[in-house]
Peer 1: 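Could you have a look at this structure, given as structure tokens, before my questions?
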Amino acid sequence: MDEARLPGTPVADDERIVAHVDMDCFYAACERLREPALDGEPLVVGMGFEAGETHGAVATASYEAREYGVDSAMAITEALDRLPRKVDAVDDPDLDVSEAGFYRPVDMAFYESVSEDVRSILHERAEVVREVSIDEAYLDVTDTVDWETVPDWGQHLRDEIESTVGVTASVGVAPTMSAAKVASDHDKPDGLVIVEPGEVRQFFADLPVEEVHGVGPVTAAELGEVGVETAGDLAAADPDVLEKRFGERGLEIRRYARGEDDREVTPRGRPKSLSRESAFTEATSDRDEVADRVRSLATSVADRATSKDALYQTIGIKVVTPPFEVNTRARSLPGPVDEPPLVEEVALDLLTEFDEDRVRKVGVRVSNLSFTEGEQASLGGFEGDDTDVTPSNEQEQTEEGTVTIPEGQATLTGTWEAEADDGGAAVDDPTTDHHLDGQTTIADFR
């Protein structure tokens, strides 16, 4: 942290501290949250496992599944050739059950719920967060840590994500966005790689050129044709040759390989919601303890909204019950308001539905945010309104990762469905049978 730098003044490239947080095999990690017995087993998550589907692609393959050659964006037919399903191996004498794996269909609503838990932690750890997909984000922590304290900061961040949410993250820290992204991928899974100013070019030197941000397989092959095989080769390449062959993009990737990247971490527009969540050490049925935690979260969320000059029209809670059942409830107001006492009141009222349940985690959220100037809505129409309903536009679009699927097959997309529009029903019910098309739980093989 540079205490001599005045607030609002530009940050030099060698002063900026950027972290890139990338969740490890995120969809597979989410599936293991609700089915812990899948830990250590080859696991494939993707499209094409549902009844009646003949096409599809792998969205995520666990590291165990990757040992069989299964990887993201692979056609489902090829994945099954390399790693048969357990349920098929049991009935086929030509297949070895010990060399088969588990397959699960994509459950985007559940993954987004887990992602929201992670995002909440990231926003607490950094003032500036750029969310780029459901499982990765950039953080500018220049004003939070310095290069001496950033190793502890990174370790604490990873520990908090794993202990609170139950999934692992790899973190890369560097003075530039492009180097931080490469660093986060350098020691997966569960890695922490820090590249300090002056070390970026050395860090890149021996890496394959395709690891440079912005270099895909096609570009890497073309670079190989002109003798550029490593990031070090790219850094030392003649800029005129690169510009002639690749245009401005050639110069850009050369700058990245040299550690030259002046892009700043900027949020993607204004937030659509603000939330805080907190987990209990053990699931509890103590109503007072749960209510006290919700009061604290409600105060924190309302304060954040006020500090951001945000009005909110929907107040909601999340209640997670064992083993990992995610329930959300929300109530809409007649118009946008900034009323901290109301956030607590509504949250506690919604909580009463779970008075008989054991609770492992709670959260409070305000959404349908408005940042326009003007008077807030009157609360007169809210009194006595007991409708648990979320307006139809209460959805947040995420820039999810989209896998490339062979021609004629569907693409994998998803949206943030933070609350349901059916009177506050849970967006995800892990007790629902997700094992479609003959799939079974791992317990059937124990």
Peer 1: Is any side-chain heavy atom of Val58 closer than 4.5 Å to a side-chain heavy atom of Asp71?
Peer 2: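 No, their side chains stay 4.5 Å or more apart.
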Peer 1: Do Glu124 and Arg276 meet the salt-bridge criterion of a basic N to acidic O distance under 4.0 Å?
Peer 2: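 Answer for the salt bridge query: yes.
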Peer 1: Nearest heavy-atom pair of Ala28 and Ser62: which atoms, and what distance?
Peer 2: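 In this case the closest contact between Ala28 and Ser62 is CB-CB, 4.3 Å.
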Peer 1: Cation over ring, Arg66 on Tyr63, under 6.0 Å and within 45°?
Peer 2: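 Yes, Arg66 sits over the ring of Tyr63.
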Peer 1: Is a donor on one side and an acceptor on the other found under 3.5 Å between the side chain of His156 and the backbone of Asp152?
Peer 2: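 Answer holds: yes.
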Peer 1: Looking only at heavy atoms, which two atoms of Val212 and Ile253 are closest? And how far apart?
Peer 2: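 Minimum heavy-atom contact is CG1-O, 3.8 Å.
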Peer 1: List for me each residue that meets side-chain hydrogen bond (donor to acceptor under 3.5 Å, both in side chains) alongside Asp286, sequence neighbours excluded, and say none if there are none.
Peer 2: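 Checked Asp286 against side-chain hydrogen bond (donor to acceptor under 3.5 Å, both in side chains); zero matches.
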Peer 1: Scan Leu348, Leu350, Val343 and name whichever one has a side chain to side chain contact (heavy atoms under 4.5 Å, CB included) with Val346.
Peer 2: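 That would be Leu350.
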Peer 1: Closest heavy-atom contact between Ala310 and Phe371?
Peer 2: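 Nearest pair, atom of Ala310 first, then Phe371: CB-CE2, 3.6 Å.
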Peer 1: Do side-chain atoms of Arg287 reach the backbone of Thr352 as a donor and acceptor pair under 3.5 angstrom?
Peer 2: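 The answer is no, because no donor-acceptor pair under 3.5 Å joins these two groups.
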Peer 1: Ring of Phe110, cation from Arg34 - is the NZ or CZ under 6.0 Å from the centre and inside 45° of the axis?
Peer 2: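 Yes, a cation-pi geometry.
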Peer 1: What residues, two or more places apart in sequence or in another chain, satisfy side-chain contact (heavy atoms from CB on, under 4.5 Å) together with Ser170?
Peer 2: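 Only Asp24, Lys188 meet the side-chain contact (heavy atoms from CB on, under 4.5 Å) criterion with Ser170.
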Peer 1: Among Arg32, Glu35, Glu64, whose side chain to side chain contact (heavy atoms under 4.5 Å, CB included) with Leu43 holds?
Peer 2: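 Looking at Arg32, Glu35, Glu64, the match for Leu43 under the side chain to side chain contact (heavy atoms under 4.5 Å, CB included) is Arg32.
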Peer 1: Hey, does Lys318 have a side-chain heavy atom less than 4.5 Å from the side chain of Glu277?
Peer 2: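 In short, these two side chains touch, coming nearer than 4.5 Å.
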Peer 1: Can you check side chain to side chain donor-acceptor pair (under 3.5 Å) on Asp303 and Ser300, steps first, answer last?
Peer 2: CA-CA 5 Å; Asp303 287 347; Ser300 178; over 6 Å; no
Peer 1: Output all residues satisfying side-chain contact (heavy atoms from CB on, under 4.5 Å) with Arg255, sequence neighbours left out; order by chain, then residue number.
Peer 2: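 Scan of Arg255 (side-chain contact (heavy atoms from CB on, under 4.5 Å), adjacent residues dropped) gives Glu248, Leu251, Glu252, Glu260.
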Peer 1: Carefully, step by step, assess Val337 and Leu311 under the rule side-chain contact (heavy atoms from CB on, under 4.5 Å).
Peer 2: CA-CA 5 Å; Val337 301; Leu311 305 180; 5.9 Å; no
Peer 1: Is Glu243 salt-bridged to Arg254, going by a charged N under 4.0 Å from an acidic O?
Peer 2: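 Salt bridge flag = no for Arg254 with Glu243.
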Peer 1: Looking only at heavy atoms, what is the nearest atom pair of Tyr138 and Met177, with distance?
Peer 2: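 Taking Tyr138 first and Met177 second, the nearest heavy atoms are CE2-O, 3.4 Å.
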Peer 1: Would you say CD of Glu199 has more than 12 non-hydrogen atoms from neighbouring residues, nucleotides or ligands within 6.0 angstrom?
Peer 2: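 Counting other residues, nucleotides and ligands, CD of Glu199 exceeds 12 neighbours.
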Peer 1: Fit a plane to each ring of Tyr111 and Tyr27, take the angle between them on a 0 to 90° scale, and name the class: parallel (under 30°), tilted (30 to 60°) or perpendicular (over 60°).
Peer 2: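 It falls in the parallel class, under 30°.
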Peer 1: What's the separation between atom OG in Ser163 and atom CZ in Arg158, rounded to the nearest 0.5 Å?
Peer 2: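 Answer rounded to 0.5 Å: 12.0 Å.
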Peer 1: What pairs meet the ring-ring contact (aromatic ring centres under 6.0 Å, His included) rule with one or both residues in residues 254-273, with sequence neighbours excluded?
Peer 2: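 Output for this query lists His213-Tyr256.
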Peer 1: Assess the residue pair Thr219 and Arg249 against the criterion (side chain to side chain donor-acceptor pair (under 3.5 Å)); give the C-alpha distance rounded to whole Å, side-chain angles, the decisive distance to 0.1 Å, and a yes or no.
Peer 2: CA-CA 10 Å; Thr219 302; Arg249 190 165 65 89; 3.2 Å; yes
Peer 1: Applying side-chain contact (heavy atoms from CB on, under 4.5 Å), can you list everything that pairs with Ala29, at least two apart in sequence or on another chain?
Peer 2: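 By the side-chain contact (heavy atoms from CB on, under 4.5 Å) rule, Ala29 matches Val167.
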Peer 1: Nearest 0.5 Å please: distance from the CE atom of Met108 over to the SG atom of Cys30.
Peer 2: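 The CE atom of Met108 sits 10.0 Å away from the SG atom of Cys30.
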Peer 1: Could you tabulate the donor-acceptor pairs under 3.5 Å formed by side-chain atoms of residues 355-363, not counting sequence neighbours?
Peer 2:
| unit_1 | atom_1 | unit_2 | atom_2 | d |
| --- | --- | --- | --- | --- |
| Arg360 | NH1 | Pro323 | O | 2.4 |
| Lys361 | NZ | Asp117 | OD2 | 3.1 |
| Lys361 | NZ | Thr164 | O | 3.4 |

Peer 1: Ion pair present between Arg16 and Asp262, side-chain N to carboxylate O less than 4.0 angstrom?
Peer 2: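 No.
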Peer 1: Check whether Thr149 reaches the backbone of Asp146 with its side chain - one donor and one acceptor, N or O, closer than 3.5 Å.
Peer 2: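 Yes, the answer is positive, given that a donor and an acceptor are paired below the 3.5 Å cut-off.
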Peer 1: Less than 4.5 Å apart, any side-chain heavy atom of Phe204 and any of Arg258?
Peer 2: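 Counting from C-beta outward, Phe204 and Arg258 never come under 4.5 Å.
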Peer 1: Before you tell me yes or no, could you show the steps for Asp22 and Ser184 under side chain to side chain donor-acceptor pair (under 3.5 Å), namely the whole-Å CA-CA distance, both residues' side-chain angles and the distance that decides it to 0.1 Å?
Peer 2: CA-CA 7 Å; Asp22 194 1; Ser184 70; 4.5 Å; no
Peer 1: Output the distance between atom OG (Ser278) and atom CZ (Arg293), rounded to the nearest 0.5 Å.
Peer 2: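 With rounding to 0.5 Å, OG (Ser278) is 3.5 Å from CZ (Arg293).
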Peer 1: Over all heavy atoms of both residues, which pair between Glu31 and Val45 is shortest? Give the atoms and the distance, please.
Peer 2: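 Closest pair (atom of Glu31, atom of Val45, distance): CG-CG2, 3.9 Å.
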Peer 1: For the backbone of Val128 and the side chain of Arg130, can you confirm whether one donor and one acceptor N or O come within less than 3.5 Å of each other?
Peer 2: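 Not a single qualifying donor-acceptor pair exists.
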Peer 1: Apply the test side-chain contact (heavy atoms from CB on, under 4.5 Å) to residues Val182 and Phe203: give CA-CA distance (whole Å), side-chain angles for both, the deciding distance (0.1 Å), then the verdict.
Peer 2: CA-CA 10 Å; Val182 174; Phe203 169 71; 3.9 Å; yes
Peer 1: Measure from the side-chain N and O atoms of Ser370 to the backbone N and O of Pro336, and report whether any donor-acceptor pair falls under 3.5 Å.
Peer 2: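 Not a single qualifying donor-acceptor pair exists.
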Peer 1: Under 3.5 Å, is there a donor-acceptor pair between the side chain of Thr142 and the main chain of Ile17?
Peer 2: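 Looks like yes, one N/O pair under 3.5 Å.
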Peer 1: Start with the C-alpha gap between Ser275 and Arg119, add the side-chain angles, then the distance that decides, and say whether side-chain contact (heavy atoms from CB on, under 4.5 Å) holds.
Peer 2: CA-CA 9 Å; Ser275 65; Arg119 291 189 307 139; 6.0 Å; no
Peer 1: Going through the checks in order, is the side-chain contact (heavy atoms from CB on, under 4.5 Å) test met by Thr321 and Asn327?
Peer 2: CA-CA 8 Å; Thr321 57; Asn327 304 278; 3.8 Å; yes
Peer 1: Using modelled atom types only, decide if a donor and an acceptor are shared between the side chain of Glu131 and the backbone of Ala137 within a distance under 3.5 Å.
Peer 2: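 No; zero donor-acceptor contacts below 3.5 Å.
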Peer 1: Is it true that the side chains of Glu162 and Thr168 contain a donor and an acceptor less than 3.5 Å apart?
Peer 2: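 No, because no side-chain N or O of Glu162 sits under 3.5 Å from a partner of the opposite role on Thr168.
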Peer 1: Please give me the minimum heavy-atom distance between Val215 and Ala220, naming the atom from each residue.
Peer 2: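 Heavy atoms only, the tightest pair is CG1-N, 3.8 Å.
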